[in-house]
Amino acid sequence: MDFLNEMTLSFSSKSMNENFARAAVSAFVLPLDPTINELADIKTAVSEAVTNAIIHGYEYGDGIITVCAKICPGGKVVIKVKDKGKGIEDVKQALEPLFTTVGGERAGLGFAVMQSFMDSLKVKSRPGSGTVVTMEKFIIRRSRTDSCTAPQKDEVIPNDKA
Amino acid sequence: MNVKTVYDSGTLTALLSGDIDHHSARKMRRIIDGDIEICRPEKLILDFRRVQFMDSSGIGLIMGRYRLMSLCGGSVDIVNIPQPLERIVKLSGITTLMKV
Ligand SMILES: Nc1ncnc2c1ncn2[C@@H]1O[C@H](COP(=O)(O)OP(=O)(O)O)[C@@H](O)[C@H]1O
Ligand SMILES: [Mg+2]
C-alpha cells in the first residue's frame, strides 16, 4: 500500500456542503500537523473545486459530489473532487486565470487559486459525463522532524529583549 | 447575521464575519446591495477583520460591489484583511483597482 490513510466522502450538490467539505478535509489532514497557512491553502482549494462541481458541473441541480483524500508517505496529501455533471469542453481554456463561462459574480479564479495554493493540479473531464479534479500538496514535516533539521522560520524562539 | 452595516455621512461600512464562500457570499451580497440601494453612499468600506476564511467567491463579492459602486461614481475600500487572506487578495489583482 502506498498510502497511510484515506477517506471518501459523498454528499449532495448543495452550496451549504461547501463548508462541510472543506471542514472534513481539514480535519482529515490535521494529524500531519500542517501550519495555519497550509491548512488554509487546502481548505481554499477544496472549496473552489466543490463550488465548481455545484455551480458548473451540476448547474445548481441535483447530483452527488465525491471527495477522496489520501495521506501518502512523505507528508503528501492527494485530494480528488469528482462530479458526474456536464463536464468541461476545453480544459486548457478553463484553467486560464479570469476565464469563466458564467458572468456575474464569478471571478474566474477558481482554478488559478487551486493551482497556486496546491503543489499540483490535474483536471480530467469529458463533456456529458463529468469532471475529476486531482490536487496534491506536501505538508512540510515539522513536529515529526528529526533533531538535525533546522527549525522553520516561524518556530525560531525570539531572543529575550533585555 | 454575518454582515453588519453602519451608515454615516456618505460612507457605508459593512463588517463581514465568518467564512466567505459561494454559499455565504450570496447572502452577504443581498444585504450589502440592499443597503447601498437605500443609503446611496459615496463610499463603501468592506471590513474583513472578522473573516476567517475566503475563497474566490469573496473576490467575486468584492468585484461585484466595486462595479455597483462605480456605476454612480462611488468608491470601495477594503480594510483589515487578515494575514491568511492576503495571498488570495494579492492573486486576484484587486489591489490595482481599489484601496486595500
Ligand atoms: N466541475 C466542473 N464542471 C464543469 N465545468 C467546470 C467545472 N469546474 C470548472 N468548470 C469550468 O471552468 C471555468 C473556470 O472555473 P474557475 O476557474 O473556477 O472560475 P469560475 O468558477 O469563477 O467560473 C468555469 O467557468 C466553468 O466553465
Ligand atoms: Mg470556480
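Every chain is numbered from 1 and lettered A, B, ... according to where its sequence line falls, protein lines coming before strand lines.
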Worksheet item: How far apart are the closest heavy atoms of Ser116(A) and Leu91(B), and which atoms are they?
Response: OG-CD1, 2.9 Å

Worksheet entry | Side-chain heavy-atom pair Ile55(A), His22(B) within 4.5 angstrom cut-off | yes

Discussion item. With chain A as the partner, which of Ile59(B), Ile88(B), Leu85(B), Ile62(B) has the greatest number of non-hydrogen pairs under 4.5 Å?
Written reply: Ile88(B)

Fill in: Phe28(A) with Val77(A), same ILVMFWY side-chain cluster at under 4.5 Å
yes

Fill in: Over 12 foreign heavy atoms within 6.0 Å of CD, Gln93(A)
yes

Item to complete: Identify which part of Asn17(A) has an atom lying under 4.5 Å from any heavy atom of chain B, answering side chain, backbone, both or neither.
Response: neither

Discussion item. Test of understanding: clusters of I, L, V, M, F, W, Y form through side-chain heavy atoms closer than 4.5 Å, transitively. Do Tyr60(A) and Ile65(A) belong to the same one?
Written reply: yes

Worksheet item: Do Leu46(B) and Ile31(B) share a hydrophobic cluster (ILVMFWY, side-chain heavy atoms under 4.5 Å, transitive)?
Response: yes

Worksheet item: Is the number of heavy atoms from other residues, nucleotides or ligands under 6.0 Å of Met7(A) CE greater than 12?
Response: yes

Worksheet item: So, do Asp19(B) and Arg22(A) sit near enough that their side-chain heavy atoms are less than 4.5 Å apart?
Response: yes

Fill in: Minimal non-hydrogen separation, Ser56(B) against Ala107(A), with atom names
O-CB, 4.0 Å

Item to complete: Look at the side-chain heavy atoms of Ile, Leu, Val, Met, Phe, Trp and Tyr, link any pair under 4.5 Å apart, and say whether Val46(A) and Val78(A) land in one connected group.
Response: no

Item to complete: Select one option (side chain, backbone, both, neither) describing which atoms of Gln52(B) are under 4.5 Å from chain A's heavy atoms.
Response: neither

Discussion item. Hydrophobic cluster membership, with links at side-chain heavy-atom distances under 4.5 Å among I/L/V/M/F/W/Y: are Leu68(B) and Val102(A) in one?
Written reply: no

Worksheet item: Within a radius of less than 6.0 Å around CD of Glu86(B), do more than 12 heavy atoms belonging to other residues, nucleotides or ligands occur?
Response: yes

Worksheet item: Checking side chain to side chain contact (heavy atoms under 4.5 Å, CB included) for the pair Thr44(A)/Arg87(B): CA distance, chi angles, key distance, verdict?
Response: CA-CA 11 Å; Thr44(A) 312; Arg87(B) 282 184 62 201; over 6 Å; no

Discussion item. More than 12 heavy atoms of other residues, nucleotides or ligands under 6.0 Å from CD of Glu42(B): yes or no?
Written reply: no

Worksheet item: What option among Ser47(A), Ala40(A), Ala112(A) has the most heavy-atom pairs under 4.5 Å with chain B?
Response: Ser47(A)

Discussion item. For Arg26(B), which atoms come within 4.5 Å of any heavy atom of chain A: side chain, backbone, both, or neither?
Written reply: side chain

Practice prompt. Kindly check if the number of other-residue, nucleotide or ligand heavy atoms within 6.0 Å of CG (Leu71(B)) is above 12?
Written response: yes

Discussion item. Show the nearest heavy-atom pair for residues Glu105(A) and Leu61(B), with the distance to one decimal.
Written reply: OE1-CA, 4.0 Å

Response to the item:
So, the part of Thr51(A) with a heavy atom under 4.5 Å from chain B: the answer is side chain

Worksheet item: chain B heavy atoms under 4.5 Å from Leu98(A): which part of the residue, side chain, backbone, both or neither?
Response: neither

Worksheet item: So which of Glu48(A), Lys14(A), Lys43(A) has the largest heavy-atom pair count under 4.5 angstrom toward chain B?
Response: Glu48(A)

Item to complete: Drop me the distance from Ile36(A)'s CD1 to Gln83(B)'s CD, to the nearest 0.5 angstrom.
Response: 8.5 Å

